[in-house]
Amino acid sequence: MLILKLNNCTSLQKYIKFYTGQGWWLKFKSRHPTLSLRRPEALACNRAQAMTKESIMGYFQDLGAILKENELEPEAIWNMDEKNFVLTHKPPLICARKGVKNVPARVGTFRESITLVGCCNASGNVLPPLFIVPGKTNRALHSYNVIDGPPQSTWTFQQKGFMTKELGVQWLRKSFLPHLSKKRPQLLILDGHCSHVSLDFIETAKKNSIILLTFPPHTTHWLQPWDRTIFGPMSSGYNQECHNFTTQAVGNIINKWVFPKIIKSVWDKHATNQNAISGFRSCGIYPWNPTAIPESAYSTAVTPKPVSRTGGANPSTNQPTPTADLPEDMALPTCTNPPTDASISTIADLPDDKVLPANLPTDASISTVDRPEDTLPANLHTDDSISTTDQQERSDLPFTINQTPSASPQQSTSCLTKEEASLLQFVLDCENQQSKTKPTETALPEYYSILHPSWSSAINEEFNLPSSSAQKQTMPGKHQILTSTEIVNEKKRKREEKLKKENEK
């Protein structure tokens, strides 16, 4: 894949003709022995964007303030999380002879998903789990041999076997509060699932002097102790236990009746005191240590800075691009001698040796660029009509218009490529059509994008147009102290508004 990408690198092949092969890769790897081909781990885009240093440091700042103000000991710092276990397990790796094409492994025929709710504190105390099985009535529990499950565990049901707001309050009252000491306050850290942020859940915790702190959204793969040291080994251990059970005898099948026995074996092996302590330490919760999260965790949220591909100024720094440092055969061609013939008025008459700036897609559907000067946008001027200071301020424009003194507005010449001229012509047409149709301000970007597929956010910024993508994109959410007065009052207000609308209906 790396070799194919190098072969398709058009920006280099434009100046140097070369083709990479297996020999190139072997020599490259020998020159860099520290490099190797690795399969990356799948990481969701929302998780990659949410791991910003600002949000994580803000979370640690509030966490440290809570620990210091309340003088919390490790016995008073708790974390809870959920994990789904499917009866159709994933077989682990097995030893087989080379060349064998068919290597089967028996799995269960049931596809139900069972939710496990676990909770532990920083001192290593792991509470008995709560299991949620799919079902509509209490009869759904009769299919499970709950006696073989983990000691003192609680079993309940839900239509799909998921955690809900009602079950969240039930877990808080029956599975969490009875196991706490009388020392108050205590801290419970959890994710922002809807079952954890309901008003009933928050009010119940506040009455019992429980401080609720949520993780920043989509960051639990680094900040959640259960995800870091317990649920990961439990998942692989569950697959191994199911595989061992099915291989003991031909008639052994993973079903609802044997699930409690298997999950008990997995729970006893991995939900240990040492794993719980290691989870809080690796996440920097206790001892409080923001540097426990490595710098590499924030690398996925770094946005690369734009790089200018022409010899002009860099839009991000407004500094000239160092093209003089390039070799002569690698120097980027620039439009040093713009055409001066006033007869050039169509795209077909423009030269072909112009450089296409970055992020400007090609489109040749519009053929003319001759347009009266009064139809140009307000923030787009010719070189003769602006001062030197204005030119420096507008040096980051993706294109410029050069007009000779003797040329009339109808016969203006430009240092534009065909694609740039096509895009500029489209902008002018949109301006005229906008004055006729008068689309709404919020629908203006969609209006442009429908007419022309080349429209982008860069054009919106250049012509001071609102960006629809900017309105839809939201910044990564922040953590919350759910028991704070502001959040409780806000949730009460929303509940009152909801009840008021229901009464009106």
Side-chain angles (χ1 to χ4, degrees), residues 37-48 80-118 120 126 129-135 140-141 143-146 148-150 153 155 157-163 191 193 218-222 224-272 275-276 278-279 282 300:
L37 292 178
R38 297 182 58 183
R39 186 179 299 277
E41 298 180 3
L43 181 64
C45 294
N46 52 3
R47 290 185 178 272
M80 67 90 67
D81 194 18
E82 300 89 4
K83 173 69 176 178
N84 288 335
F85 290 91
V86 186
L87 296 181
T88 305
H89 68 281
K90 182 179 180 180
L93 297 177
I94 61 175
C95 181
R97 184 178 299 174
K98 290 185 178 181
V100 178
K101 296 183 179 180
N102 188 14
V103 184
R106 294 187 296 114
V107 297
T109 57
F110 299 90
R111 300 184 180 276
E112 281 81 356
S113 177
I114 302 168
T115 301
L116 183 151
V117 184
C120 65
V126 181
L130 168 67
F131 293 94
I132 307 173
V133 303
L141 297 175
S143 301
Y144 298 84
N145 188 15
V146 297
D148 294 341
S153 60
W155 295 75
F157 62 91
Q158 196 269 339
Q159 184 174 0
K160 295 183 178 181
F162 297 159
M163 190 69 165
D191 56 40
H193 191 263
H218 312 298
T219 60
T220 55
H221 59 293
W222 279 106
Q224 182 92 265
W226 278 87
D227 289 342
R228 291 291 299 274
T229 59
I230 301 180
F231 278 152
M234 280 189 67
S235 180
S236 58
Y238 172 75
N239 293 330
Q240 187 64 50
E241 287 292 332
C242 292
H243 178 74
N244 295 340
F245 178 78
T246 55
T247 55
Q248 288 176 1
V250 179
N252 288 356
I253 301 176
I254 304 298
N255 52 27
K256 301 177 183 179
W257 187 257
V258 303
F259 174 79
K261 181 179 179 180
I262 295 176
I263 201 64
K264 177 182 181 300
S265 177
V266 178
W267 177 267
D268 294 341
K269 289 182 180 179
H270 302 286
T272 61
N275 285 350
S278 300
S282 63
T300 57

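For the numbers below, each heavy atom of this structure counts, side chains included, while hydrogens, waters and symmetry mates do not.
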Heavy-atom side-chain proximity of [X] to [Y] below 4.5 angstrom:
X      : Y      : answer
Ile254 : Val107 : no
Met163 : Ile132 : yes
Ile114 : Lys256 : no
Val146 : Phe131 : no
Trp155 : Pro260 : yes
Met234 : Phe85  : yes
Pro233 : Lys269 : no

Without swapping roles, check the side chain of [X] against the backbone of [Y] for a donor-acceptor pair under 3.5 Å.
X      : Y      : value
Asn84  : Ser113 : no
Ser153 : Leu130 : no
Arg106 : Ile253 : no
Asn255 : Val258 : yes

* Please walk me through it: do Trp222 and Arg228 pass side-chain contact (heavy atoms from CB on, under 4.5 Å)? -> CA-CA 7 Å; Trp222 279 106; Arg228 291 291 299 274; 3.6 Å; yes
* Asked: Measuring from Ser265:OG to Phe245:CZ, what's the distance to the nearest 0.5 Å?
  -> 11.5 Å
* To do: To the nearest 0.5 angstrom, please state how far the CD atom of Gln224 sits from the CZ atom of Phe231.
  => 8.0 Å
Shortest non-hydrogen contact from [X] to [Y]?
X      : Y      : answer
Ala276 : Val126 : CB-CG2, 4.2 Å
Tyr238 : Ile263 : CD1-CD1, 4.2 Å
Glu82  : Val117 : CG-CG2, 3.8 Å
Ala271 : Ile230 : CA-CG2, 4.3 Å
Gly108 : Thr88  : O-OG1, 3.5 Å
Trp226 : Asp81  : CB-CB, 3.9 Å

* Distance-only side-chain donor-acceptor flag, Asn244 / Gln240, under 3.5 Å -> yes
* Answer yes or no: are there more than 12 heavy-atom neighbours, outside Ile94 itself, under 6.0 Å from its atom CD1? => yes
* **Steps toward side-chain contact (heavy atoms from CB on, under 4.5 Å) verdict (Ile262, His89)** => CA-CA 12 Å; Ile262 295 176; His89 68 281; over 6 Å; no
* To do: Could you check Lys83 against Ser235 for side-chain contact (heavy atoms from CB on, under 4.5 Å), going step by step and ending with a plain yes or no?
  => CA-CA 9 Å; Lys83 173 69 176 178; Ser235 180; 4.1 Å; yes
Contacts table for residues 37-48: side-chain donor-acceptor under 3.5 angstrom, sequence neighbours left out:
unit_1	atom_1	unit_2	atom_2	d
Arg47	NH1	Thr220	OG1	3.4
Arg47	NH1	His221	ND1	3.0

* Please name all residues satisfying salt bridge (charged side-chain N to carboxylate O under 4.0 Å, His left out) with Lys264, sequence neighbours left out, ordered by chain then number. => Asp268
